[in-house]
Asker: 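This structure is in structure tokens; I'll ask about it shortly.
Just so we're clear, the structure is a prediction, and the values are computed from it rather than from any experiment.
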Amino acid sequence: MGQPGEIITFQVGNYANFVGAHFFNLQDPHLNPEHETDFCHRVFWREGQNFQRQKILTPRVLMFDLKDNWGNAFIRNSNDVSEPGIQPGTFAKSNQPVKQNRVDQVEKNISWDGKVQTVVLRNDSSDSDEDLDPLPGTHKSANAGKKKVKLGPSDFSSWGEYAKWRLHNADKAAFRIPNYMYNAGSEELVSYGQGLDVYNKIQENVEDGIRHYAEDCDHLEGFHMLVDEYDGFTGIAGGILEHLGDEYDKKACLGLGLNHPFPDNEKWSKRRTLKEYKIRISNTAQLWGSFTNHSRVFSSLGVTEDIFSMNPSSKKFTSVVQDCTSPYISSAILAAALDSLSSPYRLHSPSFPLHEMTSVLNAFGHKMTIIGSSTPFPMGQQTLFSALNKDGFSSLNCLTPNVSLDLDTALGNVFVTRGINQDHVMSKSECREYKHADINSVTSCLELFCQESYPRSVHVIKNLSNSFKMRYPFPKLYDDVYLDTHSTKKQFTNPQVPCWFLPALTTAHNTPGTSKILERLISTIGGGTGGSAMKLKTFYEPSSATCNSSVVEFEDFADCVTELCSLKDTYSAE
């Protein structure tokens with residue numbers, strides 16, 4: 001095990017920024033100093049200095065969102081933080097007053113149970129029942145005036161309202177997309193072609209931002225690509241992925257297509273037209289085609305049951321008491337999974353670097369993976385051995401839509417466990433009864449269970465002692481009784497804000513079952529042996545009508561579907 005390499009993150013789209021805000025909040029170096037954790041912050045964070053010459057850590061991230069979706073995001077002016085090694089005096093101080101996000105404003109007084117605190121904010125969406133909340137990533141904020149809003153765990157309408165971290169240089173890292181760049185007079189970025197056209201206009205700045213981060217790294221390990229997979233941000237991601245494939249083809253890239261939840265109400269059902277549906281599906285197909293060509297491994301993540309439905313509905317998660325149609329809530333579930341899955345390559349001595357993980361998951365050319373999560377892993381007062389013997393992995397929630405976690409047929413499984421006390425692996429009576437005295441760790445217990453339960457698969461098991469910390473502004477997904485039952489520790493950052501230390505299990509799978517979701521997409525869009533060029537064009541034409549058709553020609557669209565057919569065939573050949 002050597003030194004950890006650095007990773008550059010891309011958050012492309014409004015919902016991607018919801019997930020990313022949680023992801024970096026969970027790692028916050030100020031709340032999780034390195035001397036109290038096994039994690040090395042420089043994997044995802046870079047070091048700078050403020051004017052007091054204090055060490056400042058900021059995420060190594062490039063962010064893309066519509067200009068009006070940034071809300072109250074606390075983004076420092078580029079003059080606020082200096083480059084490593086550059087004297088602070090080389091920059092002029094900004095005279096602008098510092099803006100605070102909602103978490104900064106009331107964190108000392110907030111009750112995490114959602115008791116109302118009234119604050120006055122700008123750029124907040126309307127609370128009127130007559131207003132129809134926009135889909136994440138596609139529409140402008142409903143109003144830009146002052147509004148009194150409730151501050152509760154499900155009331156964040158903008159990712160910037162709860163993001164605790166800061167950007168090092170907003171000029172290089174924050175891409176605010178104005179509407180005139182993609183469709184003058186429109187408030188939507190709906191198609192892959194529109195997004196690709198936007199990328200072509202900002203390409204030089206994006207590539208400069210990537211190069212700026214890459215040259216600052218001692219050892220660039222790879223990339224995380226978080227993308228809204230329903231809308232025009234897929235095109236921006238497609239342009240970035242092609243550049244990464246050309247310039248950084250030896251680096252590992254983990255692609256995550258994020259499907260945001262749809263509001264579950266009659267108004268939205270009436271708005272979902274066939275044209276919107278076809279554009280949405282074609283965007284997803286083109287993003288997956290880009291992932292297939294330019295990423296090491298990718299997955300589709302969300303809380304949606306069926307992303308190919310005209311009226312997608314959200315999954316029901318056992319014990320979750322919050323509304324999963326809320327972007328703030330659903331994105332937290334996805335961020336928790338990504339936080340745990342990435343933890344082995346965030347260690348000071350990484351036990352499973354990103355390039356090794358992607359090599360396991362893309363064996364046999366299987367570039368698409370399925371991801372599952374159980375946070376908390378419900379052991380209660382049981383030992384790990386008893387919990388596995390009784391319930392196995394039944395608590396795992398599949399976060400990849402349209403498929404199930406079929407471990408019996410999986411070729412390779414990655415299991416990442418966190419926060420399970422070594423003293424709770426197996427009791428002395430269980431050792432005597434089952435004669436498994438050699439089980440003395442979480443890893444050995446899981447290895448035995450997996451070998452006996454799923455003998456056909458290759459299993460990679462990584463265990464970390466660090467628990468998952470559920471604390472504000474991460475939403476309180478469960479009630480107090482459930483959290484107290486399954487947490488290993490509880491402490492208070494102040495009298496009103498508890499922090500639960502939770503055991504967690506997150507998994508990723510290389511499984512033939514992935515072919516089902518690919519087959520569903522291909523058959524829906526009219527590709528494959530049973531498809532037709534005429535049906536394919538019915539999905540291409542609504543998308544091409546939103547932009548200059550020369551940006552994405554029909555032949556390019558057809559080639560993308562062919563790539564997905566080839567990917568599907570790699571699963572069928574096993």
Side-chain angles (χ1 to χ4, degrees), residues 1-12 16 20 23-24 27 29 34 38-48 55-64 81-86 165 167-175 199 202-227 236-256 290-291 293-299 338-339 341-362 367 462 508:
M1 295 185 291
Q3 294 295 314
E6 297 90 346
I7 293 174
I8 299 172
T9 301
F10 300 90
Q11 294 171 191
V12 190
F23 179 69
F24 286 111
Q27 299 177 40
E34 288 194 352
D38 295 329
F39 296 128
C40 177
H41 293 311
R42 74 180 184 88
V43 174
F44 284 100
W45 302 69
R46 67 187 302 276
E47 184 177 331
K55 178 181 176 181
I56 295 292
L57 291 173
T58 55
R60 193 180 295 104
V61 61
L62 293 176
M63 305 169 64
F64 303 78
V81 182
S82 69
E83 294 284 350
I86 296 180
W165 41 274
L167 285 182
H168 165 77
N169 189 331
D171 297 333
K172 292 183 180 294
F175 292 85
Y199 175 77
I202 61 175
Q203 180 175 358
E204 184 176 345
N205 291 334
V206 175
E207 293 177 3
D208 283 347
I210 298 171
R211 183 167 55 252
H212 172 76
Y213 279 144
E215 291 175 351
D216 188 51
C217 295
D218 294 329
H219 170 63
L220 178 61
E221 173 74 13
F223 306 92
H224 273 192
M225 174 69 75
L226 281 63
V227 190
I236 296 177
I240 297 171
L241 285 164
E242 186 173 353
H243 173 69
L244 297 182
D246 292 340
E247 300 295 328
Y248 304 93
D249 60 310
K250 302 298 183 183
K251 305 299 181 182
C253 178
L254 172 63
L256 297 174
S290 295
F291 278 149
N293 284 325
H294 304 298
S295 70
R296 194 74 62 86
V297 70
F298 75 95
S299 185
L338 181 58
D339 180 67
L341 188 65
S342 65
S343 56
Y345 49 87
R346 289 193 282 123
L347 297 171
H348 288 285
S349 296
S351 61
F352 200 34
L354 177 61
H355 70 273
E356 291 186 13
M357 179 180 291
T358 55
S359 295
V360 171
L361 296 175
N362 72 5
K367 283 201 168 187
K462 299 297 176 182

Asker: State the CZ-OG distance between R296 and S359, to the nearest 0.5 angstrom.
Answerer: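 Reported value, rounded in 0.5 Å steps: 6.0 Å.
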
Asker: Could you walk me through whether H355 and E221 pass the side-chain hydrogen bond (donor to acceptor under 3.5 Å, both in side chains) check?
Answerer: CA-CA 7 Å; H355 70 273; E221 173 74 13; 2.8 Å; yes

Asker: Verify whether the ring centers belonging to H224 and F44 lie closer than 6.0 Å.
Answerer: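 Centroid distance H224-F44: below 6.0 Å, so yes.
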
Asker: Work out which heavy atom in T358 is nearest to a heavy atom in A252; give both atom names and the distance.
Answerer: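 It is OG1-CB, 4.0 Å.
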
Asker: How close do I7 and L354 get, counting heavy atoms only, and between which atoms?
Answerer: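 Nearest heavy atoms, I7 then L354: CD1-CD2, 4.0 Å.
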
Asker: Quick check: closest heavy atoms across P4 and V43, and the distance to 0.1 Å?
Answerer: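 In terms of heavy atoms, the two residues are closest at CB-CG2, 3.6 Å.
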
Asker: Using atom types as modelled and distance alone, determine if a side-chain donor or acceptor of K462 lies under 3.5 Å from a backbone N or O of S351.
Answerer: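 Yes; at least one donor-acceptor contact below 3.5 Å.
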
Asker: Could you pull out the closest heavy-atom pair between Y248 and A214, with the gap in Å?
Answerer: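 In terms of heavy atoms, the two residues are closest at OH-CB, 3.8 Å.
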
Asker: Roughly how far, to the nearest 0.5 Å, is the CD atom of Q203 from the CD1 atom of I240?
Answerer: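 Result: 10.0 Å between the selected atoms.
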
Asker: I'd like to know whether M63 forms a side-chain contact (heavy atoms from CB on, under 4.5 Å) with L167, so could you lay out the CA-CA distance, the side-chain angles of the two residues, the decisive distance to 0.1 Å, and finally the verdict.
Answerer: CA-CA 10 Å; M63 305 169 64; L167 285 182; 3.8 Å; yes

Asker: Look only at the side chain of R60 and the backbone of W45, and say whether a donor-acceptor pair between them is shorter than 3.5 Å.
Answerer: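 Answer holds: yes.
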
Asker: Would you say the side chain of Y345 lies within less than 4.5 Å of the side chain of M357, judging by non-hydrogen atoms?
Answerer: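 Sidechains of Y345 and M357: in contact.
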
Asker: Within this structure, what is the OG-CG distance for the pair S343 and D38, rounded to the nearest 0.5 Å?
Answerer: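 Answer rounded to 0.5 Å: 10.0 Å.
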
Asker: Looking only at non-hydrogen atoms, find the nearest pair between M225 and L244 and report the distance.
Answerer: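 It is CE-CD1, 4.3 Å.
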
Asker: Backbone N or O of F291 within a donor-acceptor pair of the K367 side chain at under 3.5 Å?
Answerer: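 No; judged by distance alone, with no hydrogens or angles, the pair does not exist.
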
Asker: For side-chain contact (heavy atoms from CB on, under 4.5 Å), just list the numbers for T9 and F24, CA-CA rounded to whole Å, side-chain angles, deciding distance to a tenth of an Å, and then say yes or no.
Answerer: CA-CA 10 Å; T9 301; F24 286 111; 3.9 Å; yes

Asker: Between N362 (side chain only) and V297 (backbone N and O only), is there a donor and an acceptor less than 3.5 Å apart?
Answerer: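 No, N362 side chain to V297 backbone: no donor-acceptor pair under 3.5 Å.
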
Asker: If the threshold is 4.0 Å, N to carboxylate O, is there a salt bridge linking E6 and R42?
Answerer: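 Counted as a salt bridge, because a side-chain N and a carboxylate O are separated by less than 4.0 Å.
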
Asker: For the residue pair H294 and E242, confirm or rule out a side-chain donor-acceptor distance under 3.5 Å.
Answerer: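 No - no donor-acceptor pair under 3.5 Å links their side chains.
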
Asker: Is there side-chain contact between P59 and F23, with at least one heavy-atom pair below 4.5 Å?
Answerer: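 In short, these two side chains do not touch, never coming nearer than 4.5 Å.
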
Asker: Would you say the side-chain atoms of Y199 pair up with the backbone N or O of A237, donor to acceptor, closer than 3.5 Å?
Answerer: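 Not a single qualifying donor-acceptor pair exists.
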
Asker: Quick check: do E247 and E207 have side-chain heavy atoms less than 4.5 Å from each other?
Answerer: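 No, too far: nothing below the 4.5 Å cut-off.
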
Asker: So does L220 get a backbone contact from the side chain of K251, meaning a donor-acceptor N/O pair under 3.5 Å?
Answerer: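 Present.
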
Asker: Can you check side-chain contact (heavy atoms from CB on, under 4.5 Å) on F175 and I236, steps first, answer last?
Answerer: CA-CA 11 Å; F175 292 85; I236 296 177; over 6 Å; no

Asker: S295 and G255: which non-hydrogen atoms are nearest, and at how many Å?
Answerer: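 So the two residues come closest at CB-N, 4.5 Å.
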
Asker: Should L241 and N293 count as side-chain neighbours, where that means a heavy-atom distance under 4.5 Å?
Answerer: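 The answer is no, as the side chains (C-beta and beyond) never meet within the 4.5 Å cut-off.
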
Asker: Given F223 and L254, is the side-chain contact (heavy atoms from CB on, under 4.5 Å) satisfied, shown in steps?
Answerer: CA-CA 6 Å; F223 306 92; L254 172 63; over 6 Å; no

